[in-house]
Amino acid sequence: MSHAWLPVSPCGPRCCPDPDRPVHMVRLAARLIGLISLFAVMPVLVTTPKRFHPHYARAMLRCCGIRLRVIDGRGDNPATAPIIVAGHTSWADVLVLAALRPASFVARADLLTWPVLGRLTERKVIPIDRDSLRGLPAVIATITDRVRAGETVVFFPEATTWCGRAYGSLRPALFQAAIDAPVPVQPVGLRYLDADGSTTTTAAFVGSQTLADSLWRVLRSSGITAEVVLAPPQEPGRDRRELAARCERAVRGRTFSPAGWLDVPLTGYDAAKFARSGSPAGG
């Protein structure tokens, strides 16, 4: 049964019009062939080392026509944070963050039944039923156990998808795992841009849309860039609400200094370098 605290997004199909720059049919056909080819080799993926998975996710993004841009705002001495949090816009968020570092994902339980993404993540998903509060302690315990074992875990604290031009607050419940571990949290600002550099809703997966509808819209679009901003890692502290608030400010492009909340200084960054900076256990 649904509970009163279940996050609800007002975003829906009206937020996601058809692409105004559709790709040529030849390129669309190439993207489809690429995705089919990647899907065909997926059974081999589960037998490969973890370091292969980011390469596969990047290939999936390329076949979807999504470029990846990673910007570092972590400072001169970035710490390795085994928990990564980001806002949630699309099914593509999983591919974008999987392209950075081998990781497990806290995701809706029915993701495991989806084509392509379900197979790609079936061994790396921590399923969560957002309709049930009773399952939260078990999910938090699983996150805690995995990060203590040296893995990286990603979750989306908005707990539902938004179109990218609107967004929700970061719910504090799962941040308890960072306090229990205890480990720092890496906030990530994630947005999708069009060819002009403006925020686009093309990649959004919201409301009553199906995965097929959203994927087809992305495949027919041109000039989509997934921009990832790595904000300074946040120490867990003792209060999950306070930690969630700090991470929310960082995700939205603000970071804390002794002088207060300031704009994050951004520099260019290599996604492959971030992947190599993971934990000694390889993710």
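- Closest non-hydrogen pair, Cys247 versus Leu170, comes out as C-CD1, 3.9 Å.
- Smallest separation of non-hydrogen atoms from Gln209 and Ser214: OE1-CB, 4.2 Å.
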Show the numbers, then the answer: is there a side chain to side chain contact (heavy atoms under 4.5 Å, CB included) between Leu174 and Val106? CA-CA 10 Å; Leu174 296 185; Val106 178; 4.0 Å; yes
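- Ring-plane geometry between Phe175 and Phe155 is classed as perpendicular, the angle between the planes exceeding 60 degrees on a 0 to 90 degree scale with a lower cut at 30.
- When all heavy atoms are compared, the tightest approach of Arg69 to Leu193 is NH1-CD1, 3.6 Å.
- Annotation: side chain of Asp194 is not in contact with side chain of Thr202 (no heavy-atom distance under 4.5 Å).
- For Arg220, the salt bridge (charged side-chain N to carboxylate O under 4.0 Å, His left out) partners two or more places apart in sequence, or in a different chain, are Asp18.
- Of all heavy-atom pairs spanning Ile224 and Tyr192, the tightest one is CG2-CD2, 4.2 Å.
- The line from CG of Leu215 to CG of Leu32 is 8.0 Å long, rounded to the nearest 0.5 Å.
- When each of Val70, Leu190, Val188, Thr89 is checked for a side-chain contact (heavy atoms from CB on, under 4.5 Å) with Val96, only Leu190 meets the rule.
- Atom CZ of Arg27 has 12 or fewer neighbouring heavy atoms from other residues, nucleotides or ligands inside a 6.0 Å radius.
- Using a 4.0 Å cut-off between a side-chain N of Lys or Arg and a carboxylate O of Asp or Glu, Arg249 and Glu242 do not qualify as a salt bridge.
- Across all their heavy atoms, Cys163 and Val206 have their closest contact at N-CG1, 3.9 Å.
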